[in-house]
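For reference, the structure is listed below as structure tokens.
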Protein chains: 2
Amino acid sequence: MTAVTIQCCAPIAREPLSETDAADLAVMLKAVADPVRLRLLSMIGSHAGGEACVCDLTDAFDLTAPTISHHLKVLRTAGLIDGERRGTWVYYRIIPEAVNRLGALFAPLTEPAPRSVELELTPA
Amino acid sequence: MTAVTIQCCAPIAREPLSETDAADLAVMLKAVADPVRLRLLSMIGSHAGGEACVCDLTDAFDLTAPTISHHLKVLRTAGLIDGERRGTWVYYRIIPEAVNRLGALFAPLTEPAPRSVELELTPA
DNA sequence: CTCCTGTTTAGAAGTTTGTCGAAGTAGTTG
DNA sequence: CAACTACTTCGACAAACTTCTAAACAGGAG
């Protein structure tokens with residue numbers, strides 16, 4: 001059921017990116033091109049249950065709550081994470097499709113021609 | 001022989017990135033988090049022979065030569081490309097290991113446990 | 001309702017980044 | 001050597017970014 005569904009742009013070395021695709025991807029990459037946001041994304045994604053509370057995230061850094069909130073907003077605006085308030089706390093989780101899109105962009109491409117490069121994730 | 005050899009950091013959602021790894025990766029991601037540099041990288045990687053001359057790259061953009069040169073330097077400093085002068089022209093090519101490192105970072109991770117995720121590139 | 005905690009918004013200060021024009025280096029050709 | 005082309009370095013400046021403090025908003029407890 002977790003179909004992965006990688007689509008948007010071929011690996012970066014297959015064919016030149018269009019101006020539009022490049023601009024589009026740059027937004028996502030900019031969001032992830034910061035040490036704090038990288039760690040936030042990693043913490044959220046690797047947290048038990050696939051989601052993490054802002055309170056946990058804030059405690060893990062030597063930064064103020066507004067700063068963490070700002071970084072989370074950047075990740076959210078870029079479509080990489082999604083947040084939900086449940087009672088007192090707000091929980092964030094990764095949007096896998098977005099992360100997969102980045103993975104596909106930098107996927108290894110040993111041959112110029114599309115050989116049989118397959119990810120064996122769902123053995124059917 | 002193209003062993004790929006992906007190593008450095010587990011996928012982003014496997015375990016929280018260390019502060020050092022995050023800072024390290026952020027340098028590479030910052031280099032790639034710009035529409036012009038993304039297109040440059042893509043043009044270089046997808047160019048015939050695996051390398052492109054600066055003259056070709058400069059012509060493809062509406063930017064001055066110094067600006068293109070600056071962007072190439074950012075990519076080079078980040079370890080993503082390497083340049084070589086041959087006679088009159090300078091040629092740049094992608095460093096695959098660096099790009100693969102980014103690919104590994106965003107590789108899909110459907111299960112928390114390390115299942116049999118294998119890239120079938122060298123059928124031995 | 002009032003107070004307290006968790007989170008976001010608003011505004012400001014300091015730094016980094018993208019771009020340019022001008023000038024410098026490298027190699028080819030006459 | 002002189003002139004020309006290809007590319008890089010330098011210095012400058014506007015725009016964008018990271019971080020902070022202060023203040024607002026949201027929900028739970030007394």
Side-chain angles (χ1 to χ4, degrees), chain A residues 17 19 22-44 47 49 51-93, chain B residues 17 19 22-44 47 49 51-93:
Chain A
L17 276 171
E19 210 167 329
D24 221 35
L25 288 164
V27 173
M28 252 194 288
L29 287 168
K30 248 193 251 284
V32 121
D34 177 276
V36 174
R37 289 196 291 267
L38 251 192
R39 291 177 62 204
L40 281 172
L41 197 64
S42 183
M43 282 179 187
I44 294 170
H47 200 273
E51 60 181 16
C53 158
V54 175
C55 53
D56 296 332
L57 301 172
T58 304
D59 291 347
F61 292 87
D62 220 23
L63 296 168
T64 64
T67 298
I68 298 296
S69 189
H70 161 71
H71 284 304
L72 289 171
K73 185 179 190 173
V74 173
L75 288 170
R76 187 163 18 103
T77 304
L80 287 161
I81 61 174
D82 195 22
E84 180 197 3
R85 167 159 235 142
R86 284 204 302 277
T88 305
W89 294 284
V90 174
Y91 297 89
Y92 280 95
R93 56 174 56 249
Chain B
L17 276 171
E19 209 166 329
D24 221 36
L25 288 164
V27 172
M28 251 194 289
L29 287 168
K30 249 193 251 285
V32 121
D34 177 277
V36 174
R37 290 196 291 268
L38 253 191
R39 290 177 63 204
L40 282 171
L41 197 65
S42 183
M43 282 178 186
I44 294 170
H47 200 272
E51 60 181 14
C53 159
V54 176
C55 53
D56 295 332
L57 301 172
T58 303
D59 290 348
F61 293 86
D62 220 22
L63 296 168
T64 64
T67 299
I68 297 298
S69 190
H70 161 72
H71 284 305
L72 289 171
K73 184 179 191 172
V74 173
L75 289 170
R76 187 161 19 102
T77 305
L80 287 160
I81 61 174
D82 195 20
E84 179 197 4
R85 165 160 236 141
R86 284 205 302 277
T88 305
W89 293 282
V90 174
Y91 297 89
Y92 280 96
R93 57 174 53 250

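Note on naming: letters A, B, ... go to the chains in the order of the sequence lines (proteins, then strands), and numbering restarts at 1 for each one.
The shortest distance between the side-chain N/O atoms of T67(B) and the OP1/OP2 oxygens of dG18(C) is not below 4.0 Å. Side-chain nitrogen and oxygen atoms of K73(B) include none within less than 4.0 Å of the OP1 or OP2 phosphate oxygen of dT8(D). Residue R37(A) places at least one side-chain N or O under 4.0 Å from the OP1 or OP2 atom of dT18(D). For the pair T64(A) and dC20(D), the criterion of a side-chain N or O lying under 4.0 Å from OP1 or OP2 is met. Distances shown here put every side-chain N or O of T88(A) at or beyond 4.0 Å from the OP1 or OP2 atom of dG28(D).
Among the protein residues, Y92(A) comes within range of the sugar-phosphate backbone only, with heavy atoms under 4.0 Å from sugar or phosphate atoms but none that close to a base. Using a 4.0 Å heavy-atom distance criterion, I68(A) is classed as making no nucleic acid contact. Contacts of H70(A) with the nucleic acid, taken as non-hydrogen atoms under 4.0 Å apart, include base atoms.
Both C55(B) and V74(A) lie close to DNA chain D; mapped to their nearest nucleotides by heavy-atom distance, the more 5′-ward contact belongs to C55(B). Nearer the 5' end of DNA chain C, as judged by each residue's closest nucleotide, is the contact made by P66(A), out of P66(A) and K30(A).
One atom, CG of D34(A), and another, C1' of dT15(C), lie 13 Å apart when rounded to the nearest Å. Going from atom CG of D62(A) over to atom C1' of dT18(D) covers 15 Å, rounded to whole Å. Regarding H71(A), its NE2 atom lies at a distance of 6 Å from the P atom of dT18(D), rounded to whole Å. Between the P atom of dT21(D) and the CG atom of L63(A) lies a distance of 11 Å, rounded to the nearest Å. Y91(A) places its OH atom 14 Å from the P atom of dG27(D), with the value rounded to the nearest Å. Separating the CZ atom of R76(B) from the C1' atom of dT8(D) is a distance of 9 Å, rounded to the nearest angstrom. Atom CG of D56(B) is separated from atom P of dA6(D) by 11 Å (rounded to the nearest Å). The interatomic distance linking W89(A) (CH2) with dT7(C) (P) rounds to 8 Å, in whole Å.
Here the side chains of V36(B) and T67(B) are not in contact, with every heavy-atom distance at 4.5 Å or above. For the pair I44(B) and H47(B), the minimum side-chain heavy-atom distance is 4.5 Å or more.
Of the candidates dT8(D), dT21(D), dG27(C), dG27(C) carries the atom nearest the R85(B) side chain, counting heavy atoms from C-beta on.
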- side-chain contact (heavy atoms from CB on, under 4.5 Å) between M43(A) and D56(A): does it pass, once the steps are laid out? CA-CA 9 Å; M43(A) 282 179 187; D56(A) 296 332; over 6 Å; no

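A cation-pi arrangement is absent between R76(B) and Y92(B), since the terminal nitrogen or guanidinium carbon is not both under 6.0 Å from the aromatic centre and inside a 45° cone about the axis.
A donor-acceptor pair is defined here as one N or O able to donate and one able to accept, closer than 3.5 Å; such a pair exists between the side chain of T77(B) and the backbone of K73(B).
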